[in-house]
**Student:** 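Let me give you the structure first, and then I'll get to my questions.
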Amino acid sequence: MKSHGPNKGRRVVVTGLGAVTPIGHNAAETWQGLKERRCGIDTISLFDASTFETRIAGEVRGFDLEKVQGKAPAEIQDVLDRKNTFGYAAALEALGDAGLKLGDASVDGSRIGVSMGTEGRRDCLLPELAARKLRARTEAERRAALAAIPGYEYLRYAPYALVYALSSLIGARGPMNTISTACTSSSQAVGFAVEKIRSGDADIMLAGGAESLMEPTMVSSFILLGALSKRNDNPKAASRPFDGARDGFVLAEGAAMLVLEDAWHAYRRGARIYGEIAGFGCSINAYRITDSPPDGQGPLLAMNAALEDAGIAPSEVDYINAHGTSTVQNDASETMAIKRCLGEYARKVPISSTKSMTGHMVNAAGAIEALISLLVIGEGYIPPTLNQEMADPVCDLDYVPNVGRQAKVRTVISNSFGFGGSNGSLVFREYVA
Amino acid sequence: MEGEASIVAITGVGVLTPAGVGPAALRNWLRDPGEVGRPVPDFDAAAYIHNPKVLRSMQRLFQLASAAAVLAMRQAGMGSTAELTSHADVTRAGTALATTDISPITADLVQTLEEAGGGELQLSRFGEVALHKLHPFRRLTLLANMAAAHVSLLFGLQGPSFTMTSGVEAAQQAVAESYWTIVEGRADLMVCEAGDSPAYGVETETSREAAGALVLERWSSAKARGAAVVGLLRATAASGGVVAARIDEEPLRRCPASGGLLSMIEAVDRLSGADPQRSEGVAAGAGLQILPASYAEVAAR
């Protein structure tokens, strides 16, 4: 973490939360869903997936996209596709939760930044391109068809479109980041936002991620990889991280946003503090493009770096919100990493994967799990890992099977590991002034 | 932070442009951008990435960015995993990538759709068609961070890694975050790469291919291993002084993801013959300044 110069020692707290997930349209509903062990996975309804090997996903249902889009300022409406609308709604909730009013003259926009973990989503252009371009008979026709697509559509699907929309919304003129590291994106986006506050480059950072992969091309590309669960006949049982019968992850969509703030800044304005982000670490596997390292080496390096950054000993960790995707390799690799990181103490630490309820929100996964980690600290409740029915000898830790627990939790590690070997870990702790 | 601890050594540079490979080609292109085509001419990815199976799973953009990283690592004397491990702890050597979004509208997808429906997109058949015709690693070819993954595999890098997709600022952000990653002690070495290759279906008349890479090392580490330092980076609050090639001007704005890194490479090249007694350096954006390689020795005296 960058902690150089006169700002060394700045602590970063979270003062606002917002979420749109398959189990809730805001942070409170999502948290309630976790407490009720509600699973948001069902048969895909957003397109005809009847010919797909995998026909299940964690969709956000009953969410009025048009209503949200209609209330957005005109200048950003054009970039609000499905994914960005989730992000926009979650951001509004987080900012409101933090008590920050849009357009408040007392807030210096140059001290506010935005850091997002997300990707471009040009898949949405396919029907348009199919209609206009693929039928073109000549290169000139194809170019003319492409030229007819409005420029804002390209911006809408660019990875940085969400940062553009949110910075415009809140008048932020501070640091702006877009990070695209697959399933690790928003964990790293939060980590880099922490850095911007610690370094003194910003007082407030809006950080998070947004995702919607519910397009035929995206779902089919994950099927091609063999990464998705095929438990189509029982969607609620499909995401079963660490269970012996797991057969792949379940794609999900949504967004999560956190308002990060310099602790002193938050204190001065009397903001409610959910907790502190004490550490961040990242690494890369250098193993294989598709596979997780069996020895957990890359994830271990990220966890170690985050703990070192936080100045926290492994024995101080009270809970781990696992990446826990429900793939055979990831869950075994993560278990090994946790054992190597915590040693014998690993057997005493409750670990759960909330993806068993939310599904895998990919680029937004790190952010929603950061949000959950903070609520675990604040609410004293550890959500379970659902669908724990068959033991796996290589996944032999305490995964909080099927039933959540009341517990005093002061320190949490949240893990995110992505395709391509990108890893990110965040350390959260109870804020004590 | 003052002194040597705030200085990061640049020990390797790699660059590919439509005018050719290397800093001289970049210099020529910036001077006269008019007479070049879109692609990097005669680019043979196999000269840089020797595994044909890996090559097949890489979009051209990733091949270009990886090739730039290979060139930079070769110049740094660490062109292989064995050479890297003899000089550095791989767990403290990372990689940062700047890129743009990756278009899913690939040639194989277009061909598949055309075969399936005579040019019509038939969603009802998409699953069965795609599953039989498309590359199994298709998803991986669409991930923005994949060039970083390939670079990590090429050299065994296991340290910090991130991929910036912030548009024209991405490359400067990647280098700046890499700089701080080293200065704050989280890594000893970072390979920063960036690339542009206009995607199938969305290329424009003005878009160009390019890629660049820098190898950054802790100054003390580079000095200890006797590395040939080609330039220096340090943080600066100064906004004046000489400025690197501007990324919003021709021809760098035609390479939105890599333009920022190419401008830094141009500055390193420009300073290679500079007077080491002059300390103002070149403002490189993102709060960084590039100095001549010999500046650190002068400052230490």
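Keep in mind that what you see is a predicted model, and the values were worked out from it rather than measured. So that the names make sense, note that chain A is the first sequence line, chain B the second, and so on, each numbered from 1.
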**Student:** Which region of Leu301(A), side chain (C-beta onward) or backbone (N, CA, C, O), has a non-hydrogen atom less than 4.5 Å from a non-hydrogen atom of chain B, or is it both or neither?
**Tutor:** side chain

**Student:** Is it the side chain or the backbone of Ala182(A) that comes within 4.5 Å of chain B heavy atoms, both, or neither?
**Tutor:**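 Contact with chain B involves both backbone and side-chain atoms of Ala182(A).
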
**Student:** Take Met164(B) and Thr178(A) through the test side-chain contact (heavy atoms from CB on, under 4.5 Å) and record every step on the way to the result.
**Tutor:** CA-CA 6 Å; Met164(B) 300 295 189; Thr178(A) 303; over 6 Å; no

**Student:** Taking 4.0 angstrom as the limit, do Arg139(B) and Glu119(A) come out as a salt bridge?
**Tutor:** yes

**Student:** Is any side-chain heavy atom of Glu169(B) less than 4.5 Å from a side-chain heavy atom of Asn177(A)?
**Tutor:** no

**Student:** Between Leu225(A) and Leu140(B), is a side-chain contact (heavy atoms from CB on, under 4.5 Å) present by the stated rule, with each step listed?
**Tutor:** CA-CA 8 Å; Leu225(A) 267 180; Leu140(B) 301 182; 3.9 Å; yes

**Student:** Look at the side chain of Asn145(B) and the backbone N and O of Phe419(A), then say whether any donor-acceptor pair between them is shorter than 3.5 Å.
**Tutor:**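 Yes: the side chain of Asn145(B) pairs with the backbone of Phe419(A).
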
**Student:** Mind checking whether Leu134(B) and Leu224(A) have side chains closer than 4.5 Å, heavy atoms only?
**Tutor:** yes

**Student:** With a 4.5 angstrom heavy-atom cut-off, is it the side chain or the backbone of Gln297(A) that approaches chain B, or both, or neither?
**Tutor:** side chain

**Student:** Within the distance-only criterion (no hydrogens, no angle test), does the side chain of Ser152(B) pair as donor or acceptor with the backbone N or O of Ile284(A) below 3.5 angstrom?
**Tutor:** no

**Student:** Looking at side-chain heavy atoms only, is the closest gap between Thr163(B) and Gln188(A) below 4.5 Å?
**Tutor:** no

**Student:** For Tyr164(A), which atoms come within 4.5 Å of any heavy atom of chain B: side chain, backbone, both, or neither?
**Tutor:**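 No part of Tyr164(A) comes within 4.5 Å of chain B.
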
**Student:** Just so I understand: if I count every heavy-atom pair under 4.5 Å between each of Pro136(B), Ser57(B), Gly94(B) and chain A, which residue has the most?
**Tutor:** Pro136(B)

**Student:** Can you find a heavy atom in the side chain of Ile289(A) that is under 4.5 Å from one in the side chain of Met146(B)?
**Tutor:** yes

**Student:** Could you name the residues of residues 154-161 of chain B that have a heavy atom within less than 4.5 Å of a heavy atom in chain A?
**Tutor:** Gly156(B), Leu157(B), Gln158(B), Gly159(B), Pro160(B), Ser161(B)

**Student:** Measuring heavy-atom distances to chain B, does Asn285(A) have an atom under 4.5 Å in its side chain, in its backbone, in both, or in neither?
**Tutor:**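 Only the backbone of Asn285(A) comes within 4.5 Å of chain B.
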
**Student:** Let me confirm one number: the CZ-CG distance from Arg288(A) to Leu153(B), rounded to the nearest 0.5 Å.
**Tutor:**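 Output value for this atom pair is 10.5 Å.
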
**Student:** Tell me if the CD atom of Glu83(B) is crowded by more than 12 foreign heavy atoms within 6.0 Å.
**Tutor:** yes

**Student:** Is there side-chain contact between Thr290(A) and Phe137(B), with at least one heavy-atom pair below 4.5 Å?
**Tutor:**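 Thr290(A) vs Phe137(B): side chains touch.
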
**Student:** When rounded to the nearest 0.5 angstrom, what distance separates CZ in Phe222(A) from CZ in Arg138(B)?
**Tutor:**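 The CZ atom of Arg138(B) is 11.5 Å from CZ of Phe222(A), to the nearest 0.5 Å.
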
**Student:** Under 4.0 Å between a side-chain nitrogen and a carboxylate oxygen: does that hold for Lys196(A) and Glu177(B)?
**Tutor:**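 Result for this pair is yes, salt bridge flagged.
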
**Student:** Let's test your reading of the structure: which of Cys282(A), Gly420(A), Gly418(A) forms the most heavy-atom pairs below 4.5 Å with chain B?
**Tutor:**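 Counting heavy-atom pairs under 4.5 Å, the top option is Cys282(A).
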
